[in-house]
Amino acid sequence: DRGKVPHAILFTGPSGVGKTTMGRVIKTHLDCGDADYLEINSADFKGIDTIREIRKAVHLSPIEGSSRIWMIDEAHKLTGDAQNALLKILEDTPRHAYFMLATTDPHKIIKTIHTRCSEIKLVSLSNIDIEKVLRRVIAKENLKLNDDVITEIVEAAEGSARKALVILEQVCYLEGDEAQIKAVQSTSLNK
């Protein structure tokens with residue numbers, strides 16, 4: 001039921017734990033078409049001009065579905081002025097508009113935005129869960145990896161499913177267990 005989804009959600013947690021993915025899942029639940037879903041990376045667009053553009057568009061009706069969503073990734077990188085401008089939008093959000101903010105550093109988000117958002121804290125996955133994700137992908141893709149290679153990937157992933165899958169993709173077609181293990185170890189050295 002759309003009425004049960006808050007209009008402002010703050011996803012917090014370490015990198016690679018699924019904050020943006022959660023936003024995309026909610027997008028589907030809220031019947032939001034691709035034309036009405038905008039992901040903004042605040043590392044690239046952190047100023048007040050970005051928020052002004054959102055303010056102009058927020059009252060427009062959805063094009064494809066029944067809602068419009070703005071996913072603001074790395075929201076802690078928004079400038080103070082941009083956060084205050086966003087706060088004004090969050091105080092008077094139209095029924096069809098939803099805001100999802102994702103951050104690895106919630107302490108840099110102003111307190112008044114925190115009070116306007118429902119916070120969902122995501123945590124790193126356990127090594128057991130990372131291994132399950134890897135084994136599921138390995139089976140689905142008919143890949144052949146030694147248990148030692150999988151263990152190395154799990155350790156290098158540091159609780160991030162995204163990181164585990166990136167490493168898997170980098171090593172899965174290398175010839176031989178030793179080459180795969182060295183490749184995994186070199187990715188963890190280059191973090």
Side-chain angles (χ1 to χ4, degrees), residues 1-125 157-167 169 187 190-191:
D1 179 23
R2 272 183 46 184
K4 294 181 181 175
V5 176
H7 283 268
I9 300 172
L10 177 62
F11 295 108
T12 63
S15 181
V17 295
K19 297 179 295 293
T20 305
T21 301
M22 288 291 294
R24 292 175 185 152
V25 169
I26 292 172
K27 167 193 177 260
T28 303
H29 175 75
L30 291 175
D31 185 34
C32 177
D34 290 340
D36 295 310
Y37 179 77
L38 183 63
E39 279 185 21
I40 300 166
N41 187 326
S42 294
D44 300 325
F45 305 100
K46 57 185 157 207
I48 194 165
D49 291 338
T50 302
I51 305 304
R52 284 183 179 140
E53 290 299 316
I54 294 172
R55 190 181 312 156
K56 289 179 190 175
V58 75
H59 293 286
L60 299 174
S61 295
I63 296 168
E64 292 180 353
S66 56
S67 62
R68 299 191 77 192
I69 298 174
W70 284 266
M71 177 71 185
I72 303 174
D73 200 8
E74 298 193 59
H76 61 277
K77 293 189 178 180
L78 287 171
T79 65
D81 287 344
Q83 287 191 46
N84 282 310
L86 177 60
L87 176 63
K88 296 210 182 312
I89 298 171
L90 297 178
E91 288 172 343
D92 187 28
T93 305
R95 286 180 49 101
H96 65 270
Y98 294 85
F99 290 89
M100 296 178 210
L101 288 69
T103 182
T104 56
D105 197 351
H107 305 293
K108 291 185 179 176
I109 305 280
I110 60 174
K111 187 174 182 176
T112 46
I113 286 182
H114 277 271
T115 61
R116 298 287 188 286
C117 295
S118 294
E119 185 174 351
I120 298 175
K121 294 179 183 181
L122 299 167
V123 297
S124 298
L125 295 176
E158 300 175 316
S160 168
R162 177 178 64 208
K163 188 173 179 181
L165 294 174
V166 167
I167 295 170
E169 186 176 12
T187 60
N190 294 327
K191 53 183 174 174

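Numbering of residues begins at 1 and proceeds along the displayed sequence.
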Considering residues, nucleotides and ligands other than Glu64, do more than 12 of their heavy atoms fall under 6.0 Å from its CD?
yes
How close do [X] and [Y] get, counting heavy atoms only, and between which atoms?
{"X": "Pro14", "Y": "Leu122", "result": "CD-O, 3.5 Å"}
{"X": "Gly23", "Y": "Met71", "result": "CA-SD, 4.3 Å"}
{"X": "Ile48", "Y": "Asp81", "result": "CD1-O, 3.9 Å"}
{"X": "Phe11", "Y": "Lys19", "result": "O-CD, 3.6 Å"}
{"X": "His114", "Y": "Pro106", "result": "NE2-O, 2.8 Å"}
{"X": "Ala102", "Y": "Asp73", "result": "CB-OD1, 3.5 Å"}

Side chains of [X] and [Y] in contact at under 4.5 Å (non-hydrogen atoms):
{"X": "Phe99", "Y": "Ile54", "answer": "yes"}
{"X": "Ile120", "Y": "Ile9", "answer": "yes"}
{"X": "Arg52", "Y": "Asp49", "answer": "yes"}
{"X": "Ile26", "Y": "Val5", "answer": "yes"}
{"X": "Arg24", "Y": "Thr28", "answer": "no"}

Under 3.5 Å, is there a donor-acceptor pair between the Arg116 and Thr93 side chains?
no
Distance-only side-chain donor-acceptor flag, Thr12 / Glu119, under 3.5 Å:
yes
Is a salt bridge present between Lys56 and Glu53, judged by a nitrogen-to-oxygen distance below 4.0 Å?
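Yes, charged N to carboxylate O under 4.0 Å.
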Closer than 4.0 angstrom, basic N to acidic O: yes or no for Lys77 and Asp105?
no
Could you give me the CA-CA distance, side-chain angles and deciding distance for Ile113 and Leu90, then say whether side chain to side chain contact (heavy atoms under 4.5 Å, CB included) is met?
CA-CA 8 Å; Ile113 286 182; Leu90 297 178; 4.1 Å; yes
The side chain to side chain contact (heavy atoms under 4.5 Å, CB included) partner of Trp70 among Ile51, Ile40, Thr50 is Ile40
Side chain of [X], backbone of [Y]: donor and acceptor closer than 3.5 Å?
{"X": "His96", "Y": "Val58", "value": "yes"}
{"X": "Asn84", "Y": "Gly80", "value": "yes"}
{"X": "Ser160", "Y": "Ala157", "value": "no"}
{"X": "Ser67", "Y": "Leu30", "value": "yes"}
{"X": "Arg68", "Y": "Ala57", "value": "yes"}
{"X": "Lys27", "Y": "Ile69", "value": "no"}
{"X": "His7", "Y": "Asp92", "value": "no"}
{"X": "Gln83", "Y": "Ile110", "value": "yes"}

Let me confirm one number: the NZ-CG distance from Lys163 to Leu165, rounded to the nearest 0.5 Å.
13.0 Å
Distance (rounded to the nearest 0.5 Å) between Lys108 NZ and Ser42 OG
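If we round to the nearest 0.5 Å, Lys108:NZ and Ser42:OG are 12.5 Å apart.
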In sequence, state the C-alpha distance, the side-chain angles, and the governing distance for Val25 and His29, and then conclude on side chain to side chain contact (heavy atoms under 4.5 Å, CB included).
CA-CA 7 Å; Val25 169; His29 175 75; 5.9 Å; no
Show your working on side chain to side chain contact (heavy atoms under 4.5 Å, CB included) between Leu101 and Leu86 and close with a plain yes or no.
CA-CA 11 Å; Leu101 288 69; Leu86 177 60; 3.8 Å; yes
Ile72 and Leu78: side chain to side chain contact (heavy atoms under 4.5 Å, CB included), yes or no, with the steps?
CA-CA 9 Å; Ile72 303 174; Leu78 287 171; 4.2 Å; yes
